Structure formats: structure tokens, C-alpha cells
Chemist: 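There's a structure below that I have some questions on.
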Amino acid sequence: MSQWSERTTDSAEALDRADRVNPVDSATQVFVAHRDLLFTVAYEMLGSAADAEDVLQETWLRWVRVDLATVREKRSYLVRIVTRQALDRLRALGRRKESYVGPWLPEPLLTTPDVAEDVELADSVSMAMLLVLETLAPTERAVFVLREVFDLDYNEIAEAVDKTPAAVRQIAYRARSHVAARRPRGVVSPAETRAALEAFQRAVETGDLQRLIDILAPDVIAVSDGGGIKHALLRPIVGADKVARLLAAGWWKRDAERSVEVVQINGGPGLLVRVNAEIDGVVAVRVENGYITGAYHVRNPEKLSRVERATAVSR
């Protein structure tokens, strides 16, 4: 065979290899472009970043086998895959949570200030809202998230959850009514939130009981999650006096060095607590009318991997 023939053969083989590789490259580009959106869908359905990442991996393995030439709306197709995978995972998680030690709280995410600026997105990933979503059935949760947060139409949602559009409309109505009856009410200005959080931070740092009582709403609720690994409340505590005494006493050893840093957790105000320079936990805070109405304290070390570096969420 001549050198020219050899080069021609080599070129043809190279082109053939490129043809085989390019579909994967295209699939990768589309997936990466929508990754933050897909993570947010999975996280809002599961309340767990670790499980959301597993769902994204499963979604990718299915997506890379799809003939992209047959897909008109790639975003919708990907959302459909991630929703189905998340639904399967959500049903399995329900069985796991039944044996969880103490109250279960969502895995906290350190988020960037731009998330808080998108009021609807921040509300949808907040600890308070994720706990409300926990009270929905799996399909109701999927429909609510896809419709109310990501604004998918009923036909798209129907394909994702394997229901008719008419059934999806009914599910969406039930889910909206359920959430509306339980979600936090009232819009708080950034200045009001900042003032309440700074006062809360000072009171927690100093253990000043009266300061804590002054900043807590009368019906404030405190929930903590140690996962059976770290000391935590076995049940929620309600009431300013009880919660203030708990916070004043602290969750740390008396001789420990502690620091409290103001951070953005799940699109809202929060405190990152360090004891002896090590992360001990995160307190996500709900503020209404200038008062702290909810304090969600996560100490389970298995849930603290996302509080040192910001996680991107989008819709």
C-alpha cells in the first residue's frame, strides 16, 4: 500500500472515530449547560445534595445513550430523566428516614448572595420550604417543584411523572393548597433580615439569655439534626424561653473555643458554628417580621460537606 493510501485510510479512521466521539461530546456539552438546573430539581425533590449527585450520575448514564438527533427540547428531556430518577430515590429515602435517629433536616448548602436575590428560588430551597415539601407524597412533590419553581407546562410534567395532563393539574392543585397552608408567610426586607441575624449572632456568641429572648418570636421553633452521631435534640422545641435557654447553654463543651460566622444557607440567613476551629454545625434561620421564627441546626457531620464552598443552584 502507498504512503498516500495509508494516510487516506488513517484519515478515514480518524473521521470515523470522531463521528463516534462527537455524539458523546455533544451530550456532555448539553448536560454541563443544564447541570445546575438538574441538581436543583433533584435537590428540591430529595433534600439531600449527596443523593442529588447520585441522581445526576444516573441521569448522565441514561442521557449519554440517547440519540440527540431525536430530541427536540433537550432541557425538558433532561428534566424528565432527572425527575424519574429522583422519584425512585425519594421512595427509597422514605424508608431510610423511618429509622433515622432524631429529627431529619435537609442537607444544608452554602449558597451565593445572588441566590437570595432571586426570591422565588431562595424560598424554594430554604430549610423551611424543604421541610414543608417533606410532607407531600413523592409525585405531589415532583409536580409542585416542576410547576411552581421551574414553571414547566402540564404536558411536560405529565411525561416526567407518567400521568395524564389532567391528573397533573389535579395533583398540582392539591400540592399548592397543601404547601400554602404550611409555608412561612410574609416577605422580609434584606435590612430587616440582616438586623435580626446580627442580633441573633451576638446573642448566640455571648450566651446572653435576655438578648436571645428579645430576638426570638414567641412561637419560635428549634429543630436539630445530629443523625445519631452528634448530640442533638430528639424532638423540636417550641417557645422563645425554651429555645433561648437552649441556645444560651450552647451545643459545645464549656471549655471549648467557639466562633459563629454569618453565612448564606439555602438562599437565606444562617450561622456557621465552629468549635475549636472545626466546623461543628450550621444553623439556618427563618426571619419573619423582624423576629427569628425558626432555627434549623444541622450537626450531623455526614451532612456538612457543602457548607465550606458554595453550591450553585438555578432554575
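Keep in mind that what you see is a predicted model, and the values were worked out from it rather than measured.
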Chemist: Is it the case that more than 12 heavy atoms not belonging to E53 sit under 6.0 Å from its CD atom?
Modeler: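 It does: E53 CD has more than 12 such atoms within range.
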Chemist: Donor-acceptor check, side chain of Q85 to backbone of V82, threshold 3.5 angstrom: yes or no?
Modeler: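 Not confirmed, Q85 side chain does not pair with V82 backbone.
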Chemist: Is the number of heavy atoms from other residues, nucleotides or ligands within 6.0 Å of OH (Y100) greater than 12?
Modeler: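 Atom OH in Y100 is crowded, with more than 12 foreign heavy atoms closer than 6.0 Å.
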Chemist: Going by atom types only, do R274 and S259 share a side-chain donor-acceptor pair under 3.5 Å?
Modeler: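 Note: R274 and S259 side chains miss the donor-acceptor criterion.
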Chemist: So which atom in T293 and which in A217 form the shortest heavy-atom distance, rounded to 0.1 Å?
Modeler: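 Closest heavy-atom pair between T293 and A217: CG2-CB, 3.8 Å.
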Chemist: With sequence neighbours left out, write down each residue that passes side-chain contact (heavy atoms from CB on, under 4.5 Å) with V262, or none if nothing qualifies.
Modeler: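 If we apply the side-chain contact (heavy atoms from CB on, under 4.5 Å) test to V262, skipping adjacent residues, the hits are L197, Q201, L271.
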Chemist: Can you tell me how far CZ of F144 sits from CE of M129, rounded to the nearest 0.5 angstrom?
Modeler: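 If we round to the nearest 0.5 Å, M129:CE and F144:CZ are 5.0 Å apart.
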Chemist: Examine M127 and I292 and state if one hydrophobic cluster contains both, with Ile, Leu, Val, Met, Phe, Trp and Tyr joined whenever side-chain heavy atoms are less than 4.5 Å apart.
Modeler: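 The answer is no; the residues belong to distinct hydrophobic clusters.
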Chemist: Is the shortest heavy-atom distance from the side chain of D51 to the side chain of M45 under 4.5 Å?
Modeler: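 Side chain of D51 against side chain of M45, heavy atoms only: no contact under 4.5 Å found.
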Chemist: Is it the case that more than 12 heavy atoms not belonging to F39 sit under 6.0 Å from its CZ atom?
Modeler: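 Counting neighbours around CZ of F39, more than 12 heavy atoms of other residues, nucleotides or ligands fall under 6.0 Å, so yes.
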Chemist: With sequence neighbours excluded, tell me which residues meet side-chain contact (heavy atoms from CB on, under 4.5 Å) with F150.
Modeler: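 Testing F150 for side-chain contact (heavy atoms from CB on, under 4.5 Å), a comparison that skips the adjacent residues, returns L37, T40, V41, E44, V145, L152, R315.
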Chemist: Under 3.5 Å, is there a donor-acceptor pair between the side chain of S224 and the main chain of L233?
Modeler: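 Yes; judged by distance alone, with no hydrogens or angles, the pair exists.
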Chemist: Just to verify, what does E159 make a salt bridge (charged side-chain N to carboxylate O under 4.0 Å, His left out) with, not counting sequence neighbours?
Modeler: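 Salt bridge (charged side-chain N to carboxylate O under 4.0 Å, His left out) list for E159, sorted by chain: R80.
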Chemist: Could you tell me which non-hydrogen atom of R211 sits nearest to which non-hydrogen atom of A203, and how far apart they are?
Modeler: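 Smallest heavy-atom distance, with atoms named: CB-CB, 3.8 Å.
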Chemist: For residues R202 and D208, determine if any side-chain heavy atom of one lies less than 4.5 Å from a side-chain heavy atom of the other.
Modeler: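 In short, these two side chains do not touch, never coming nearer than 4.5 Å.
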Chemist: Can we say R84 and D88 salt-bridge, meaning some charged N sits less than 4.0 Å from an Asp/Glu carboxylate O?
Modeler: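 So R84 does not pair with D88 through a salt bridge.
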Chemist: Do D214 and Q210 pair up side chain to side chain, a donor and an acceptor below 3.5 Å, judged on atom types alone?
Modeler: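 Judged by distance alone, the side chains do pair up.
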Chemist: Is it the case that one hydrophobic cluster holds both L247 and I265, taking links as side-chain heavy atoms less than 4.5 Å apart, direct or via other members?
Modeler: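 In one cluster: no.
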Chemist: Testing L131, V285, L130 one by one against Y296 for a side-chain contact (heavy atoms from CB on, under 4.5 Å), which residue passes?
Modeler: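 Among the candidates, only L131 passes.
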Chemist: Under a 4.5 Å cut-off applied to non-hydrogen side-chain atoms, are I237 and I221 in contact?
Modeler: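 No, side chains not in contact.
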Chemist: Please say whether more than 12 non-hydrogen atoms of neighbouring residues, nucleotides or ligands are located less than 6.0 Å from CG in D153.
Modeler: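 Check passes, neighbour count above 12.
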Chemist: For the residue pair A232 and D225, what are the closest heavy atoms and their distance?
Modeler: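 Closest pair (atom of A232, atom of D225, distance): CB-C, 4.0 Å.
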Chemist: Can you tell me how far CZ of R75 sits from CG of L38, rounded to the nearest 0.5 angstrom?
Modeler: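 The distance works out to 9.0 Å.
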Chemist: So, does E257 use its side chain to make a donor-acceptor pair with the main chain of V275 at under 3.5 Å?
Modeler: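 Side chain of E257 to backbone of V275, a donor-acceptor pair under 3.5 Å: no, none is there.
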Chemist: Do D123 and E120 have side-chain heavy atoms sitting under 4.5 Å apart?
Modeler: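 SC-SC contact between D123 and E120 ruled out.
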Chemist: Within the structure provided, determine whether T111 and T311 are in side-chain contact (heavy-atom separation under 4.5 Å).
Modeler: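 Not touching, per the 4.5 Å side-chain cut-off.
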Chemist: Can you find a pair of side-chain heavy atoms, one from V220 and one from V238, that are under 4.5 Å apart?
Modeler: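 The answer is no, as the side chains (C-beta and beyond) never meet within the 4.5 Å cut-off.
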Chemist: Please report the C-alpha distance between F31 and V64 in whole Å, then the side-chain angles of each, then the deciding distance to 0.1 Å, and finally whether the side-chain contact (heavy atoms from CB on, under 4.5 Å) criterion is met.
Modeler: CA-CA 9 Å; F31 188 85; V64 78; over 6 Å; no
Chemist: Is L109 reachable from V282 through a run of I, L, V, M, F, W or Y residues, each pair having side-chain heavy atoms under 4.5 Å apart?
Modeler: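 Result: no, two separate clusters.
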Chemist: Report the residues that fulfil side-chain contact (heavy atoms from CB on, under 4.5 Å) with A116, sequence neighbours left out, ordered by chain and then residue number.
Modeler: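 Residues passing side-chain contact (heavy atoms from CB on, under 4.5 Å) with A116: Q264.
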Chemist: To which residues is L209 joined in a hydrophobic cluster, defined by side-chain heavy-atom contacts under 4.5 Å among Ile, Leu, Val, Met, Phe, Trp and Tyr, whether direct or through other members?
Modeler: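 Answer for L209: I213.
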Chemist: Could you tell me if R147 sits above the aromatic ring of Y154, with its cationic atom closer than 6.0 Å to the ring centre and no more than 45 degrees from the axis?
Modeler: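 Positive - R147 is close enough to the ring of Y154 and near enough to its axis.
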Chemist: Are L90 and L105 connected, step by step, through hydrophobic side chains (Ile, Leu, Val, Met, Phe, Trp, Tyr) whose heavy atoms are closer than 4.5 Å?
Modeler: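 They do not share one cluster, since no chain of ILVMFWY contacts under 4.5 Å joins L90 to L105.
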Chemist: Flag the pair D280 and K230 as a salt bridge only when some basic side-chain nitrogen lies within less than 4.0 angstrom of an acidic carboxylate oxygen.
Modeler: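 Yes, charged N to carboxylate O under 4.0 Å.
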Chemist: Is R182 salt-bridged to E134, going by a charged N under 4.0 Å from an acidic O?
Modeler: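 Looking at E134 together with R182, the answer is no, because their closest N to O distance does not fall below 4.0 Å.
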Chemist: State the CG-CD1 distance between L78 and I81, to the nearest 0.5 angstrom.
Modeler: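 Output value for this atom pair is 5.5 Å.
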Chemist: Are L61 and Y77 connected into the same hydrophobic cluster when the rule is that any two of I, L, V, M, F, W, Y join if their side-chain heavy atoms are below 4.5 Å apart?
Modeler: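 The answer is yes; both residues are in one hydrophobic cluster.
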Chemist: Considering all heavy atoms of both residues, which atom of P269 and which atom of V287 are nearest to each other, and what is their separation?
Modeler: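 Minimum heavy-atom separation between P269 and V287: CG-CG2, 4.3 Å.
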Chemist: Can you measure from CZ (R169) to CD1 (I157) and round to the nearest 0.5 angstrom?
Modeler: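 Those atoms lie 9.5 Å apart.
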Chemist: Grab the two heavy atoms, one from L304 and one from V298, that are nearest each other, plus how far apart they are.
Modeler: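 Scanning both residues, the minimum pair turns out to be CD2-O, 3.7 Å.
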Chemist: Go through it in stages, so that I can follow the logic: the residues are R174 and I171, the test is side-chain contact (heavy atoms from CB on, under 4.5 Å), and I'd like the CA-CA distance, side-chain angles, deciding distance and then a yes or no.
Modeler: CA-CA 5 Å; R174 287 200 309 270; I171 294 169; 3.5 Å; yes
Chemist: In Å and rounded to the nearest 0.5 Å, what is the CG to OG distance from L110 to S305?
Modeler: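 So the CG of L110 and the OG of S305 are separated by 11.5 Å.
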Chemist: Applying side-chain contact (heavy atoms from CB on, under 4.5 Å), name anything that partners E73, two or more places apart in sequence or on another chain.
Modeler: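 E73 satisfies side-chain contact (heavy atoms from CB on, under 4.5 Å) with S76 only.
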Chemist: How long is the straight-line distance from CZ of R89 back to CG of L46, given to the nearest 0.5 Å?
Modeler: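 The CZ atom of R89 is 7.5 Å from CG of L46, to the nearest 0.5 Å.
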Chemist: Give the intermediate values and the outcome of side-chain contact (heavy atoms from CB on, under 4.5 Å) for residues N300 and K303.
Modeler: CA-CA 6 Å; N300 183 347; K303 293 185 177 183; 4.1 Å; yes
Chemist: Could you go step by step and tell me if V273 and I279 meet the side-chain contact (heavy atoms from CB on, under 4.5 Å) rule?
Modeler: CA-CA 6 Å; V273 180; I279 292 177; over 6 Å; no
Chemist: For the residue pair N266 and Y43, confirm or rule out a side-chain donor-acceptor distance under 3.5 Å.
Modeler: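 The answer is yes; a qualifying pair exists.
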Chemist: Just by distance, do the side chain of W63 and the backbone of A27 share a donor-acceptor pair under 3.5 Å?
Modeler: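 Yes.
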Chemist: May I ask you to test the I229-E302 pair for a side-chain heavy-atom distance under 4.5 Å?
Modeler: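 Heavy-atom side-chain distance check passes, below 4.5 Å.
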Chemist: Grab the two heavy atoms, one from V223 and one from P236, that are nearest each other, plus how far apart they are.
Modeler: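 Minimum heavy-atom contact is CG2-CB, 4.0 Å.
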